Structures are given as structure tokens and as C-alpha cells.
There are 2 protein chains.
Amino acid sequence: MSVVTSKYLTIYNTLVEQIKNGAIPPQSLLPSEHELTDQFQTSRETIRKALNLLSQNGYIQKVRGKGSIVIDITKFDFPVSGLVSFKELADKMESKPKTNVHELSLIIKPDHFIRQQLQLTAKDQVWKVIRTREIGGNKIILDKDFLNKKYVPSLTEEICENSIYEYLENELNLNISFAKKEIVVEEPTSEDRELLNLEGFHNVVVIKSYVFLEDASLFQYTESRHRPDKFRFVDFARRKH
Amino acid sequence: MSVVTSKYLTIYNTLVEQIKNGAIPPQSLLPSEHELTDQFQTSRETIRKALNLLSQNGYIQKVRGKGSIVIDITKFDFPVSGLVSFKELADKMESKPKTNVHELSLIIKPDHFIRQQLQLTAKDQVWKVIRTREIGGNKIILDKDFLNKKYVPSLTEEICENSIYEYLENELNLNISFAKKEIVVEEPTSEDRELLNLEGFHNVVVIKSYVFLEDASLFQYTESRHRPDKFRFVDFARRKH
DNA sequence: AAGTGGTCTAGACCACGTG
DNA sequence: ACGTGGTCTAGACCACTTG
């Protein structure tokens, strides 16, 4: 946890700030890479690292022979990319979020589905956590988590009521590095109907996540089942050429 | 359109091939950057460009002080990232896809919603295209496209029946460079009920896309409205640290 | 201590767009 | 012809992991 950061990241953050506050207006060109090299007293490759980050995150569009065009982000009220999280939802609705733990158990013999999803060996045991997320008195998300016990020796109801991730990262020093997600729409199960306030909705949006640790080992499978009216996903896709 | 490609891309493609066919097995370490520098007779920065691409596309996980771990992709039958396209859907169902053009019109005075979505000036005109996509006799996708006429002088029903994108790229030399997408679930409109075979489904998945050209100008807004059972989206998210 | 990836440099040549 | 971004090089030092 150091405060120091790399040179290209500080340049990136500086430019993001200037784009966000309008100092560099939309549709205009950024200074050329050569000029930025002078401005920031650094090498061109370092500038290019910063600009590539800007491009990947949707702030600029690089055009060969022309320059880097600032994309008009003001027209988009939504975040750059990703699932709109439970916390953001709660903030927007100005309501205190609440988490209910319905089940916390250690599965000694996981069934075929879970064994397959988590790529388990015969003797691996699995934590099963079932929680609902509540906003404004409505249970709108059902989270079903399955965690390989190999990486998580113990788990309590209190941890589940707060944030499992914080516990993993701060207490166990497990670092989540990436996840693969699949989004589909399904019919509600009887479990969905029982635990969620579906209020007449006939579908749920299901986000299936496979979560990996820093060493690329798969340790968690999660199904996050959302009431469809509270679901929103944002994607930013650069075209492959 | 040259066949030549950059050195780091050929290295990337070589490594992807070796990972896919198992020559470099999952969970194993890639040769170190130094070794790869020798193998491919190039500089380390070039190797690193190739490895960064592998990392971004979910093939490896780089760990400082340790090496690059090959991620087990065989366990995922789904593509690396993105919306599962109409064409892929049709292929999977072994069915001929069909496109029906329901409306093709030039809007002289766009309404407020479209003016806002496309950031139009007072005199901009807009092409409106409404199409359905049909697989196995079922109309499962309703596409509503709005294109700024400034960039697309003419448009015919025949073009819309095939691919508008191919027309734009091959005939008009317009290059689509990136898109921002938003995914939400909505109640079907009367238009959805009329044009799609909803078969009792009570929701539609709506993908709202803002499509930009190479020079970062916004030229198209599209709503792609899917029957929920035929919708699937895959995301690969590297964790920001 | 040795090996790994992360950052950074100061050059070089090339491909592309504009005047 | 000139300026732009795209690629590539041969070094250097640092931070981290492992023996």
C-alpha cells in the first residue's frame, strides 16, 4: 500500500482530470506525443503508455497521422464500463443497503454442478453462501456464492453480512485478479420467488461469475440473480481490426 | 489491406496458438520474457507488448517476480468477451438467419430523443431503419437503427436486408472504431409485441449502442431488442488495483 | 543471491494524413 | 514535405518472489 505511483499513471490521471473538467475540450486534439514529452519531461514511450490507458478507458481516440481526439464523455451519464454495483444502486436511490444471510454452510460432498464449475478434486470442500440484497425495503438481488475451502479456511455469518471480499483481501491476503462473467436472462426459480420481492416480474437477470486469484487459480463461483428493473450493465468496446 | 503484420502481433498469435493446442499447458508458466527475447530474436519491450495482449485477452496472468501463468481457457466454452452475435446464434441453432426490413425512412425533423442521443444540430437529418432478425421461423431480435445522414448519404432496402456495416465499411469507407453499450431489461412495447414472436415472455433485453467513427464522431444510435431466452453476454474483467 | 516482471530512457525508422 | 502516431531497439534500474 504505497502512495507512490508510476510516472505514466500520474500523467494519465492528470490528463483524465483535464478532460473531465473541460480544460481539454471534447472533439479537440490532445497535444502531440512529442509536445507531451516536453511538457512532462519524460520519454515518448512513457507518454504513449499513458495515452494507451486513456484510449482503453474511452477518453480519447488515437488516429495515425492526425493526433489523439478527446471523446465527448459528458454526453454519457453512465460509468465507463462494468456492472452497476449494488452500492451504486443504493446510493442513487438514497437508501441504506442491507444484506441478509439466508444460508452459510460447508458442503462436504459438492454435487456435480459445483464440482464442475469450480473444477474441484475429489476431496475439496466448498463454502455455500446465500444472501439477499435489500434496497428501500425490497430484496432485489439474490447472491449465491460457492468458495473453495482450500483458500478460505473459515467464514462467519458476520463476514457474510458485511463484505466477503474485504475479508478475503484484508484478512486472508487473497488477491482477486480477474473474473469471467456471463449474463443471461432466466425464469425465476422457486428460490428466487421465495427470497426476492419479484413483484410480478417474470424474469431474473443472472450474472454467473468465475473469480480467479492472482496465481490464476479458480476459487469462487457466484450467481448473482437480479430483479430485471434494477439491472444495468455498461460496456465499452473498441473494435478489433 | 496488407498481409504484413507487426512483430509483436505475430508473436502474440504464435503464443495464442500454442496455448490453444495445448503445447503450453494450462497453469504452467510461459518462458520468461528474457527467454522469449532469445527465442523470437527481438527486444524485451516487443515481447512485453505481445504478453500484455495475451493478458488483456484472458490467456495469461502475469505475476511479478514469478512469471506468466497460462489460464485454463478450455473450461470455458464461451468466447472471450462480448455479445453473442446474431450470426453465432444462428450457427448454433443450425438455422438460416433471416432479416426483415419493416421500415426505412429519412427523418427530416428528428424528435427530441433522437436529437439528444445523436447530438444533432438543427439541420441534421437521420435515417431510421427498423428490422427484425429471424431464426428458425422466430423473430427474436428487433433492431432500431438511427444513422446521421451527414455520414450516410444514401441507403436502400437491399443494403438493410444484408449488412449495413459491410456497406458502410466497404462502399463508403467509413470505419467504425468503437461503441458504448448499455444493457437493460424492459417491458415489451406494443411495437415489440407486434414485430417479435415473444411467445409469452414478459421482458425484452435492450442493448443501446452509441457507435463512433474513426475520428470519434458519433454517427449512429441503435436499440437492439432481444427476446430474453436468446440473449447472452460474456465479459472478461481484469481487476483494477 | 538470482531470477522474474514493471518502469523508464533516448534514440531510430516506418505508415499515414494534411497541407 | 512535414507532423502525426505505430513499431522497435538495447540498454538501465527497480520491486517482488523464491531458493
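Note on naming: letters A, B, ... go to the chains in the order of the sequence lines (proteins, then strands), and numbering restarts at 1 for each one. What's counted below: heavy atoms across the whole structure, side chains too, no hydrogens, waters or symmetry copies. Just so it is clear, the model here is predicted, and its values are computed rather than measured.
The ring-ring contact (aromatic ring centres under 6.0 Å, His included) search around Y221(A) returns F113(A), Y210(A), not counting sequence neighbours. Residues satisfying the salt bridge (charged side-chain N to carboxylate O under 4.0 Å, His left out) criterion with K144(B), sequence neighbours excluded, are E191(B). When the side chain to side chain contact (heavy atoms under 4.5 Å, CB included) test is applied to E158(B), the partners found at least two apart in sequence or on another chain are T156(B), N162(B). Take T121(B) and apply the side-chain hydrogen bond (donor to acceptor under 3.5 Å, both in side chains) test, not counting sequence neighbours, and it matches D124(B). Judged as a side chain to side chain contact (heavy atoms under 4.5 Å, CB included), and not counting sequence neighbours, the contacts of Q61(A) are V63(A), I71(A), R238(A), S177(B), F178(B), A216(B). Evaluation of the side-chain hydrogen bond (donor to acceptor under 3.5 Å, both in side chains) rule for D143(A) yields R133(A), S224(A) as partners, not counting sequence neighbours. Scored by the salt bridge (charged side-chain N to carboxylate O under 4.0 Å, His left out) test, E17(A) finds no partners at all (sequence neighbours excluded). For N13(B), the side-chain hydrogen bond (donor to acceptor under 3.5 Å, both in side chains) test picks out no residue, with sequence neighbours left out. With sequence neighbours left out, the side-chain hydrogen bond (donor to acceptor under 3.5 Å, both in side chains) criterion links R44(B) to E33(B).
Between Y8(A) and E214(B), the residue whose closest nucleotide on DNA chain C is further toward the 5' end is Y8(A).
Chain A approaches DNA chain D within less than 4.0 angstrom (heavy atoms of the protein), and the contacting nucleotides run 5' to 3' from dG3(D) to dC8(D).
Side-chain N/O atoms of Q220(B) and D145(B) include a donor and acceptor closer than 3.5 Å.
For the segment residues 31-42 of chain A, residues with any heavy atom less than 4.0 angstrom from an atom of DNA chain D are, sorted by number, S32(A), E33(A). The stretch residues 61-69 of chain A comes close to DNA chain C through R64(A), G65(A), each having a heavy atom under 4.0 Å from the strand.
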